[in-house]
Protein chains: 2
Amino acid sequence: MKIITTGMLKKERHAFIIRQINLHNKVLSSDLGLQLQVSEDTVRRDLNELSESGKIIKVHGGALSKSFHFPYEQKDVYAQDSKKEVARKAIGLVSEGMTVLTGGGTTMLEMARLVPDDLEATFFTISPVVALELSEKKMLTVILIGGTLNKNAQVNMGSKTIADLSEIGVDLCFLGTNGIDLKEGITDSEWEVLQVKKAMIGASARIAIMCIGEKLNSVKKMKVCSLNTIDYLITDLASNDPKLQSYEAHTKVI
Amino acid sequence: MKIITTGMLKKERHAFIIRQINLHNKVLSSDLGLQLQVSEDTVRRDLNELSESGKIIKVHGGALSKSFHFPYEQKDVYAQDSKKEVARKAIGLVSEGMTVLTGGGTTMLEMARLVPDDLEATFFTISPVVALELSEKKMLTVILIGGTLNKNAQVNMGSKTIADLSEIGVDLCFLGTNGIDLKEGITDSEWEVLQVKKAMIGASARIAIMCIGEKLNSVKKMKVCSLNTIDYLITDLASNDPKLQSYEAHTKVI
DNA sequence: CAGGAAATTGCAAATTTCTGCGGTTTTTTT
DNA sequence: AAAAAAACCGCAGAAATTTGCAATTTCCTG
């Protein structure tokens with residue numbers, strides 16, 4: 001990635017660094033030196049200041065996100081990258097002026113982070129976390145669908161959420177899922193989640209399912225909708241991946 | 001870009017600077033000196049004034065937009081200790097089984113943190129931040145009132161929020177305020193905020209106002225309600241503080 | 001409209017902050 | 001253990017800011 005910046009104020013550099021860290025979970029002093037067009041000493045001084053005020057964690061070679069958890073196992077990191085890739089592809093579907101509805105979860109959060117700063121659009125969401133992240137983007141209108149906050153999923157659920165969803169209409173809805181299968185379509189294991197997802201589907205003209213490749217061909221207890229209801233299937237896999245071939249008959253694979 | 005200006009009054013220069021900042025998110029002292037045809041010393045004095053009145057953020061080399069902020073940065077909390085004391089007193093009003101409604105802001109967030117882990121109660125809130133904090137408490141039911149997320153206040157506002165508030169009824173409502181005065185009662189400076197606060201008051205059997213002592217006897221542009229509407233006034237001051245005496249005729253001072 | 005107080009502005013000197021560089025130390029890699 | 005990479009340290013020049021002060025302008029008031 002090449003980012004050219006000139007004549008930044010120190011505070012701006014700090015903000016830039018924080019953004020880079022939020023985006024990639026880490027930064028290298030050498031990269032920042034090039035991107036910010038300053039010496040690595042200056043970068044290190046910046047990192048020191050940010051570190052002393054507790055915004056980042058400085059390590060040899062650069063810095064890490066404060067919320068960065070050291071990889072417990074390789075798979076976690078791998079999934080993280082996969083989700084970022086899914087998010088990156090997903091945000092490509094959103095264009096100027098659209099009205100979008102999103103659920104919660106880490107993939108949605110990643111997507112919220114990747115919304116371009118100059119995009120003017122309206123985002124409905126049932127996730128307070130996603131809403132707060134989206135509120136960083138100046139040009140967005142963010143509407144939080146209320147309801148009973150589910151402590152595990154950290155999204156709003158329940159009859160109020162369902163009722164409110166039934167009153168809106170959006171262009172595109174992003175949904176995550178744990179169960180997706182050729183025959184059973186989209187499935188879920190929790191009844192409450194199921195109800196909300198159905199309501200979200202009902203509120204949207206087009207539906208995009210986001211899931212990492214390893215979730216393909218797994219079936220949960222209850223059916224959300226069939227594959228034909230889905231307009232886009234967004235995964236981290238390459239579009240020519242054989243695992244995706246059989247899905248292409250039912251939906252647009254991205 | 002070349003902008004030629006001559007013979008501007010200070011007020012005009014200030015307006016010009018604010019415009020430039022709104023446009024570009026930052027200004028350089030040196031640029032402004034040229035654009036305004038005044039010495040950089042004058043520019044710096046202007047920036048100092050604008051900074052002191054909280055319109056901009058002055059940094060070495062120029063100034064940044066007030067809305068310039070780091071993603072995730074916890075803004076320096078002003079008078080944090082006082083607010084914690086207010087929060088500590090406030091949470092004492094909540095008892096088992098109650099239904100409570102709260103607004104947003106740092107004081108409310110402090111209160112959310114202080115909710116006992118074993119308290120079983122229902123909290124309605126218009127603040128996603130407070131909601132997420134409350135969701136840490138296992139025994140609470142947390143209901144987030146939806147609406148359009150206000151980027152500055154980080155609370156939900158707008159007609160949807162008002163409508164939803166009109167449909168609920170709670171035992172106790174916690175409200176923060178910037179303006180409280182014996183004669184004018186509770187006042188606020190933003191119309192949208194005013195509407196929401198009125199709706200919150202309408203939804204609750206009892207009203208508790210939370211504010212730090214220094215806010216006492218200040219008046220803003222628009223009236224929320226009179227002091228008699230208020231059931232509790234919670235401040236960080238000792239209950240025998242002379243500043244509080246005159247309020248005791250209208251409301252219970254804590 | 002004259003006169004004077006108060007506010008404003010530019011200038012220069014003193015001070016502080018910022019930044020890159022060379023030399024040295026520490027950490028990591030080979 | 002040696003080599004390489006990254007950090008650290010201190011310094012000096014550049015840039016920005018502060019401060020005091022004098023000159024000027026603005027704003028009242030009679």
Side-chain angles (χ1 to χ4, degrees), chain A residues 1-21 23-66 68 70-71 74 77, chain B residues 1-21 23-66 68-70 73 76:
Chain A
M1 174 178 24
K2 188 163 45 181
I3 300 172
I4 303 138
T5 61
T6 50
M8 271 195 176
L9 299 169
K10 192 170 72 161
K11 265 276 163 70
E12 291 183 285
R13 284 202 312 269
H14 288 190
F16 179 88
I17 292 171
I18 298 276
R19 266 199 298 277
Q20 290 297 115
I21 288 191
L23 214 52
H24 302 116
N25 281 331
K26 69 172 179 185
V27 287
L28 303 179
S29 308
S30 49
D31 285 353
L32 288 175
L34 292 172
Q35 292 170 354
L36 294 165
Q37 292 287 308
V38 293
S39 72
E40 289 189 33
D41 293 82
T42 300
V43 169
R44 266 187 285 275
R45 274 184 283 246
D46 286 341
L47 294 181
N48 278 331
E49 287 182 37
L50 290 169
S51 173
E52 274 167 36
S53 59
K55 309 240 170 62
I56 63 174
I57 294 169
K58 198 169 167 303
V59 296
H60 192 94
L64 301 173
S65 164
K66 207 175 90 176
F68 182 83
F70 290 92
Q74 196 64 22
V77 177
Chain B
M1 174 180 26
K2 188 162 44 181
I3 300 172
I4 303 140
T5 62
T6 51
M8 271 193 175
L9 264 43
K10 190 166 72 158
K11 271 278 166 70
E12 296 179 279
R13 285 202 311 272
H14 285 193
F16 180 85
I17 292 171
I18 297 281
R19 258 202 310 281
Q20 290 297 115
I21 284 196
L23 214 52
H24 302 115
N25 281 327
K26 74 161 175 179
V27 288
L28 304 180
S29 309
S30 50
D31 285 354
L32 287 175
L34 293 172
Q35 293 170 355
L36 295 165
Q37 290 290 310
V38 293
S39 73
E40 291 189 29
D41 298 77
T42 301
V43 169
R44 269 188 281 276
R45 275 184 280 245
D46 285 342
L47 294 181
N48 276 330
E49 288 183 35
L50 289 170
S51 174
E52 273 165 36
S53 61
K55 306 243 171 61
I56 63 174
I57 295 168
K58 195 172 170 303
V59 298
H60 191 94
L64 299 172
S65 163
K66 203 179 68 174
F68 181 96
H69 58 294
F70 296 87
E73 180 186 21
D76 297 337

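Quick note: numbers below take in every heavy atom, side chains included, and nothing from hydrogens, waters or symmetry partners. Please read these numbers as outputs of a predicted model, since none were measured by experiment. Chain A is the first sequence line, chain B the second, and so forth, proteins listed ahead of strands; every chain is numbered from 1.
- Note that CD of Glu12(A) is 5.5 Å distant from CG of Leu64(B), once rounded to the nearest 0.5 Å.
- Within the 4.0 angstrom heavy-atom criterion, only backbone atoms of the sugar-phosphate kind lie near Gly62(A); the bases stay farther away.
- One atom, CG of Asp31(B), and another, P of dA15(D), lie 15 Å apart when rounded to the nearest Å.
- Computed from coordinates, the His14(B) NE2 to dA7(C) P distance equals 15 Å when rounded to whole Å.
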Name the pairs: protein N/O against N/O of nucleotides 25-30 of chain C, kept only if under 3.5 Å.
none

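- For the pair Gln37(B) CD and dG10(C) P, the interatomic distance rounds to 10 Å; values are reported in whole Å.
- For Asn48(B) and dT18(D), the shortest distance from a side-chain N or O to OP1 or OP2 is below 4.0 Å.
- Along DNA chain C, the nucleotide nearest to Val38(A) and the one nearest to Thr42(B) differ in position, and the one closer to the 5' end is contacted by Thr42(B).
- At whole-Å resolution of the value, CG in Leu47(A) and P in dA7(D) are 8 Å apart.
- Here Lys58(A) reaches the OP1 or OP2 of dC8(D): one of its side-chain N or O atoms lies under 4.0 Å away.
- In Lys58(A), the NZ atom is crowded: over 12 heavy atoms of neighbouring residues, nucleotides or ligands sit closer than 6.0 Å.
- Between atom CG of residue Leu32(A) and atom CG of residue Asp46(A) there is a gap of 8.5 Å, rounded to the nearest 0.5 Å.
- The pair Glu49(B)-Arg45(B) does not count as a salt bridge, with every side-chain nitrogen at least 4.0 angstrom from each carboxylate oxygen.
- To the nearest 0.5 angstrom, Arg13(A) atom CZ is 7.0 Å from Leu36(A) atom CG.
- Remark: P of dC9(D) and CD of Glu40(A) are 17 Å apart, rounded to the nearest angstrom.
- Projected onto DNA chain C by closest heavy-atom contact, Ser39(B) and Glu49(A) fall at different nucleotides, the more 5' of which corresponds to Ser39(B).
- Rounding to the nearest 0.5 angstrom, the gap separating the CE atom in Met8(A) from the NZ atom in Lys26(B) is 7.0 Å.
- Between dC8(D), dC11(C), dT19(C), one nucleotide has an atom nearer to the side chain of Arg45(A) than all others, and that is dT19(C).
- Atom OG of Ser51(B) sits about 8.0 Å away from atom CD1 of Ile57(B), to the nearest 0.5 Å.
- Following rounding to the nearest Å, Arg44(A) (CZ) and dA5(D) (C1') show an atom-to-atom distance of 10 Å.
- Within the 4.0 angstrom heavy-atom criterion, only backbone atoms of the sugar-phosphate kind lie near Val59(B); the bases stay farther away.
- When the C1' atom of dA5(D) is taken as reference, atom CG of Asp41(A) falls 14 Å away, rounded to whole Å.
- Distance CG (Leu32(B)) to C1' (dT9(C)): 16 Å, rounded to an integer number of Å.
- Ser30(A) comes within 4.0 angstrom of nothing in the nucleic acid, heavy atoms only.
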